[in-house]
Protein chains: 2
Amino acid sequence: MELHDAKDKFIQAWGAFGSQWGINRSMAQVHALLLISPEPLSTEDVMDQLNISRGNANMNLRALIDWHLVDRILKTGERREFFQAEKDVWKIATHITRERKKRELEPMVKLLAELKRTEGQNAETKAFRQMTHDLHDLTSRIDAVLERSTRSDVQWFLKAASTLLR
Amino acid sequence: MELHDAKDKFIQAWGAFGSQWGINRSMAQVHALLLISPEPLSTEDVMDQLNISRGNANMNLRALIDWHLVDRILKTGERREFFQAEKDVWKIATHITRERKKRELEPMVKLLAELKRTEGQNAETKAFRQMTHDLHDLTSRIDAVLERSTRSDVQWFLKAASTLLR
DNA sequence: TGAAAGTTTCAAATAGTATTGAAAGAAAAA
DNA sequence: TTTTTCTTTCAATACTATTTGAAACTTTCA
């Protein structure tokens, strides 16, 4: 396959994949583009290559920086800012996992902890208490696994274990 | 907290959580409602309790059945169909994981396997090949972990291990 | 300081998704 | 067979999220 087509396929697929997981398509596409660029790109480059507006490019670049997936690069003698994606896929996975855990999973665990204490003795309340309890149990276990597996001090171990288990 | 308020909070939160993960809000809310109902509910019940239309209720109930999260229940002497959610949270998590793995992760792994073979020797192609290779490696490892951890014959082990690690 | 080059903001437009509700379809009962 | 009850479909509509683009802002350089 031609590089050009392959790049395009990758960018489209990454965008679609992202939106299935609640990530704005453009953001995922900008990320994809930067992932496969050997050199940092300017806002203009991103706009041109993805055919998106300046505002859109700017907003999504900032969002990616906020997610620690992209760094702002300043070249000496250049006025413009350039953008470069973190290229270590383990780091990427870790950052995304930790961020979503913090923003989405943890609040859910907290809510369930509260809801499972709802008082009452009728069948409806009992069923509610049982389900929220079980969900709290499950989500906090998942939370614990993710916490452990994304701690930087165990990443080396996981990489190794993952290789052995392959 | 009142059961009524607690139920409502749970349904809203589950809906919001779902939509952050690419699941239609109504579908998540219908699921939440069925999760905490001790008895199976009819389409009418769902419509009333969530204030949604017949079409919407029907479509999402069917989607949930398709995802193996809800069963259709026939009561003897009743014309209507009733719906009941699977209540085992491990089973729920397993079904969702396997389904999304199949629908979303596996196609991505396959595409990356193809893209990482893009030929060419310039810097751009090399960077592309490197990144798609690394991503293929990561995604197929994740795929393997999920495959292993959701196989019914190891669920018993994971439940036990998870308890010990708590 | 003023002009040039770039970045950021945000109201309005657009595109994309979800929801409604009425009509058609199906199955059971009369 | 006709009526009744319930389910499913789908075109129209409402809603939400994304994107645009022009204006405001900031920084650098002459």
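Reminder, nothing fancy here: chain letters follow the sequence lines and each chain counts from 1. All heavy atoms count here, side chains included; hydrogens, waters and symmetry mates do not.
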Hey, does the side chain of B/S42 reach the backbone of B/D45 with a donor-acceptor pair shorter than 3.5 angstrom? yes
Using atom types as modelled and distance alone, determine if a side-chain donor or acceptor of A/R100 lies under 3.5 Å from a backbone N or O of A/H95. no
Hey, can you tell me if B/W21 and A/W21 have their rings parallel, tilted or perpendicular (30° and 60° cut-offs)? perpendicular
Hey, what's the ring geometry for B/F128 with A/F10, parallel, tilted or perpendicular (30° and 60° as the breaks)? perpendicular
Which of these nucleotides, [options], is closest to any side-chain atom of [X]?
X     : options               : value
B/S26 : D/dT8, D/dT16, C/dA18 : C/dA18
A/N56 : C/dG6, D/dT20, C/dT9  : D/dT20
B/I52 : D/dT16, C/dT20, C/dT8 : C/dT20
A/R80 : D/dT8, C/dT8, C/dG6   : C/dG6

If you compare every side-chain N and O of A/T43 against the phosphate oxygens of C/dG6 (OP1, OP2), does one of them come in below 4.0 Å? no
For D/dT19, does either OP1 or OP2 sit under 4.0 Å from a side-chain N or O belonging to A/N24? yes
Could you give the [atom1]-to-[atom2] distance, from [X] to [N], as a whole number of Å?
X     : N      : atom1 : atom2 : answer
B/R25 : D/dA14 : CZ    : P     : 18 Å
B/M47 : C/dA22 : CE    : P     : 11 Å
A/R54 : D/dA22 : CZ    : C1'   : 11 Å
B/E78 : C/dA27 : CD    : P     : 19 Å
B/I65 : D/dT7  : CD1   : P     : 11 Å
A/D45 : C/dG6  : CG    : P     : 12 Å
B/L61 : D/dC6  : CG    : P     : 16 Å
B/L50 : C/dT20 : CG    : P     : 10 Å

Does NZ or CZ of B/R98 lie under 6.0 Å from the centre of the six-membered ring of B/W67, at an angle within 45° of the ring axis? no
For B/E2, does the CD atom sit with more than 12 other heavy atoms under 6.0 Å from it, leaving out its own atoms? no
Are the side chains of A/K7 and A/I36 in touch, meaning some heavy atoms are under 4.5 Å apart? yes
Close side-chain approach of A/M131 and A/K116, heavy atoms under 4.5 Å: no
Students often get this wrong, so: under 4.0 angstrom with heavy atoms, is B/E44 touching a base, only sugar-phosphate, or nothing? nothing
Looking for any heavy atom pair under 4.0 Å, which part of the strands does B/N58 touch: base, sugar-phosphate only, or nothing? base
Produce the list of close N/O pairs, under 3.5 Å, pairing protein atoms with atoms of nucleotides 26-30 of chain D; give distances to one decimal.
residue	atom	partner	partner atom	Å
D/dT27	O2	A/R79	NH2	2.4
D/dT28	O4'	A/R79	NE	3.3

Heavy-atom nearest nucleotide on DNA chain C for A/R62 versus B/S53: which residue maps closer to 5'? A/R62
For A/G55 and for A/I23, find the nucleotide of DNA chain D with the closest heavy atom, then tell me which residue's nucleotide is more 5'. A/I23
